[in-house]
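If you read the sequence from its start, that first residue is 1, and numbering goes on from there. Whatever order the structure lists them in is the order used to number ligands and atoms, beginning at 1.
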Amino acid sequence: MDDAAMKDTLEKLEKRGWTVSSDPEAISKTFEFKDFTRAFGWMTMVATRAEKIGHHPDWSNSYNKVDVSLTTHDSGGLTDKDLRLAKMMDQLA
Ligand SMILES: C[C@H](O)[C@H](O)[C@H]1CNC2=NC(N)=NC(=O)C2=N1
């Protein structure tokens, strides 16, 4: 993905509630569910897919909320893998 496409995708993610930070480079969002069971069910679905694509979220859960931060540790910044994972998380929520 080139810089323009990356910028375009980041703008779309911001409209869907993601926050973009530059130091460190990451995108983050708090997902809120009806209750713990739904939050953990979503985490389970995401975890299975994350494992399949070999790209993993940094996240924490408290009752019905999941704080997510995505970055590519191997490259020390954001890559299209993070953007794809973000989209998948939105679609499953
Ligand atoms: C070898 C393995 O695929 C790599 O270490 C993967 C695993 N999952 C990962 N997840 C994330 N978020 N960033 C990475 O750089 C990363 N690297």
Side-chain angles (χ1 to χ4, degrees):
M1 196 182 282
D2 62 24
D3 282 0
M6 172 77 97
K7 196 169 166 258
D8 200 58
T9 309
L10 288 175
E11 275 168 17
K12 282 188 190 131
L13 286 171
E14 284 181 309
K15 283 188 192 135
R16 297 207 307 266
W18 290 86
T19 301
V20 181
S21 65
S22 52
D23 191 24
E25 255 186 47
I27 51 174
S28 57
K29 179 173 174 177
T30 298
F31 287 84
E32 196 168 333
F33 299 89
K34 201 172 148 242
D35 53 30
F36 174 75
T37 303
R38 280 167 211 256
F40 202 77
W42 175 80
M43 291 175 84
T44 305
M45 288 191 291
V46 171
T48 306
R49 286 166 174 78
E51 185 58 20
K52 268 191 198 139
I53 61 173
H55 198 65
H56 304 89
D58 298 331
W59 58 6
S60 65
N61 161 241
S62 177
Y63 179 48
N64 66 330
K65 286 183 187 158
V66 184
D67 289 321
V68 174
S69 176
L70 305 180
T71 191
T72 303
H73 302 108
D74 294 347
S75 74
L78 274 176
T79 64
D80 56 330
K81 284 187 179 178
D82 301 303
L83 310 184
R84 266 187 271 138
L85 191 54
K87 192 174 173 189
M88 184 261 278
M89 287 178 148
D90 281 338
Q91 281 167 350
L92 289 172

D58 and H73, any side-chain heavy atoms less than 4.5 Å apart: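 Side chain of H73 against side chain of D58, heavy atoms only: contact under 4.5 Å found.
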Just the distances, no angles: every ligand 1 N or O to protein N or O pair closer than 3.5 Å, one line each.
| residue | atom | partner | partner atom | Å |
| --- | --- | --- | --- | --- |
| ligand 1 | 8 (N) | G54 | O | 3.1 |
| ligand 1 | 8 (N) | H56 | ND1 | 2.7 |
| ligand 1 | 10 (N) | H56 | N | 3.0 |
| ligand 1 | 12 (N) | H56 | O | 2.7 |
| ligand 1 | 12 (N) | T71 | O | 2.9 |
| ligand 1 | 13 (N) | H73 | N | 3.2 |
| ligand 1 | 13 (N) | H73 | ND1 | 3.3 |
| ligand 1 | 15 (O) | H73 | N | 3.0 |
| ligand 1 | 15 (O) | D74 | N | 2.8 |
| ligand 1 | 15 (O) | D74 | OD1 | 3.2 |
| ligand 1 | 15 (O) | D74 | OD2 | 3.3 |
| ligand 1 | 17 (N) | D74 | OD2 | 3.0 |

Please set out all donor-acceptor pairs under 3.5 angstrom arising from side-chain atoms of residues 37-48, sequence neighbours excluded.
| residue | atom | partner | partner atom | Å |
| --- | --- | --- | --- | --- |
| W42 | NE1 | M89 | O | 3.2 |
| T44 | OG1 | F40 | O | 2.8 |
| T48 | OG1 | T44 | O | 2.9 |

Hey, which of D74, T79, D82 is the one that makes side chain to side chain donor-acceptor pair (under 3.5 Å) with H55?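 Only one of D74, T79, D82 forms a side chain to side chain donor-acceptor pair (under 3.5 Å) with H55, namely D82.
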Check the pair M88, L85 against side chain to side chain contact (heavy atoms under 4.5 Å, CB included), reporting the backbone distance first and the verdict last. CA-CA 5 Å; M88 184 261 278; L85 191 54; 3.3 Å; yes
By salt bridge (charged side-chain N to carboxylate O under 4.0 Å, His left out), which residues pair with K81, not counting sequence neighbours?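 Applying salt bridge (charged side-chain N to carboxylate O under 4.0 Å, His left out) to K81 gives none.
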Side-chain donor-acceptor pairs of residues 3-12 under 3.5 Å, sequence neighbours excluded:
| residue | atom | partner | partner atom | Å |
| --- | --- | --- | --- | --- |
| D8 | OD2 | K12 | NZ | 3.4 |
| T9 | OG1 | A5 | O | 2.8 |

